[in-house]
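Let me begin by presenting the structure, written as structure tokens, before commenting on it.
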Amino acid sequence: MGKVLVHKSQEGVTSGRIVEVEAYIGPDDPASHAYKNRKTARTTVQYGKRGLAYIYQIYGKQCCFNIVTGKEGKPEVILIRALDPIGGIDLMMKRRGISTTRNIKNLTNGPAKLCQAMGIDKSLYGEELFGKKLYIVEDEIRIKKEEILATPRINIDYAGNAKNKLWRFIIKNNPFVSKR
DNA sequence: TGCACGATTCTCT
DNA sequence: GAGAATCGTGCAA
């Protein structure tokens, strides 16, 4: 939390601070694509090394960006749900389109929105996040524990009891978090 | 090979 | 706050 995600693409560089995430603990989490260690073409990278990008498409055109955090063989990932834009805001606006950027918050306050703004798509599936194209920077700003709030995750009603787990984390009072 | 559905977004009311 | 768009994925057959 509070780290900066950077993407250097052909079109230019965009970056933003991570202000909202969700955890998905594969084997024991009905909301995870890797529930019960399910291994398919889509989830393969979840079983790979830490620091790889897990990107999946949902509802047709939308895509979401995750970071693999579990040890090799453990399908644990973090979904990035919102960013606070820092660099390349013009490019983000261009990618997102004029109609949706009347309100600056609409640039990156949702998992599929930030992918579009950052230019992240399935071609970056399995990309190393400690590489040159897509990576995370630790900067001088440190988020204190008291500034982080744990809440239930969003849109996983199908997951039974797991929907009540406090596995969504947001930075308090940050205007870019997707929902209150 | 077929079919139901979703870790969402946008628009309209 | 509700409803449509939209298609890859996973599982049944």
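Protein chains get the first letters and strands the later ones, always in sequence-line order, with residue 1 at the start of each.
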Does [X] place a side-chain N or O at less than 4.0 Å from the phosphate oxygens OP1/OP2 of [N]?
| X | N | value |
| --- | --- | --- |
| Arg168(A) | dA7(B) | no |
| His33(A) | dA7(B) | yes |
| Thr40(A) | dT9(C) | no |
| Lys113(A) | dC10(B) | yes |
| Arg96(A) | dT9(B) | no |
| Lys61(A) | dC7(C) | yes |
| Asn155(A) | dT8(B) | yes |

Minimum heavy-atom distance Ala34(A)-Pro75(A), with the two atoms named: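 Scanning both residues, the minimum pair turns out to be CB-CB, 3.6 Å.
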Between Tyr24(A) and dA7(B), do the rings stack, that is, sit under 5.5 Å apart with planes less than 30° off each other?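 Stacking between Tyr24(A) and dA7(B): present.
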Using purine N1 to pyrimidine N3 plus N6-O4 or O6-N4 for Watson-Crick, or N1-O2 and O6-N3 for G-U wobble, each under 3.5 Å, what pairs with dG3(C)? dC10(B)
Just checking [X]: base, sugar-phosphate only, or nothing, at a heavy-atom cut-off of under 4.0 Å?
| X | value |
| --- | --- |
| Arg38(A) | sugar-phosphate |
| Ala31(A) | base |
| Glu22(A) | nothing |
| Asn106(A) | nothing |
| Ile58(A) | base |

Between [atom2] on [N] and [atom1] on [X], what's the gap in Å once rounded to a whole number?
| X | N | atom1 | atom2 | value |
| --- | --- | --- | --- | --- |
| Phe65(A) | dT8(B) | CZ | P | 16 Å |
| Gln62(A) | dT9(C) | CD | C1' | 16 Å |
| Lys179(A) | dT9(B) | NZ | P | 8 Å |
| Leu107(A) | dC10(B) | CG | P | 11 Å |
| Ile156(A) | dT8(B) | CD1 | C1' | 14 Å |
| Asn103(A) | dT11(B) | CG | P | 13 Å |
| Tyr35(A) | dG10(C) | OH | C1' | 16 Å |
| Asp29(A) | dA7(B) | CG | C1' | 10 Å |

Of the candidate nucleotides [options], which contains the atom at the shortest distance from the side chain of [X]?
| X | options | answer |
| --- | --- | --- |
| Lys122(A) | dG10(C), dT8(B), dG8(C) | dG8(C) |
| Gln57(A) | dG6(B), dG8(C), dT8(B) | dG8(C) |
| Arg42(A) | dT9(C), dG6(B), dT8(B) | dT9(C) |

Does the side chain of [X] come under 3.5 Å of the side chain of [Y] through a donor N or O and an acceptor N or O?
| X | Y | answer |
| --- | --- | --- |
| Tyr24(A) | Glu22(A) | yes |
| Ser9(A) | Arg95(A) | yes |
| Arg96(A) | Gln116(A) | yes |

More than 12 heavy atoms of other residues, nucleotides or ligands under 6.0 Å from NZ of Lys3(A): yes or no? yes
Pi-cation contact, Phe176(A) with Lys105(A) (under 6.0 Å, within 45°):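 Lys105(A) over Phe176(A) ring: no.
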Given the structure, check if the side chain of Tyr59(A) and the base of dA5(C) hold any donor-acceptor pair shorter than 3.5 Å. no
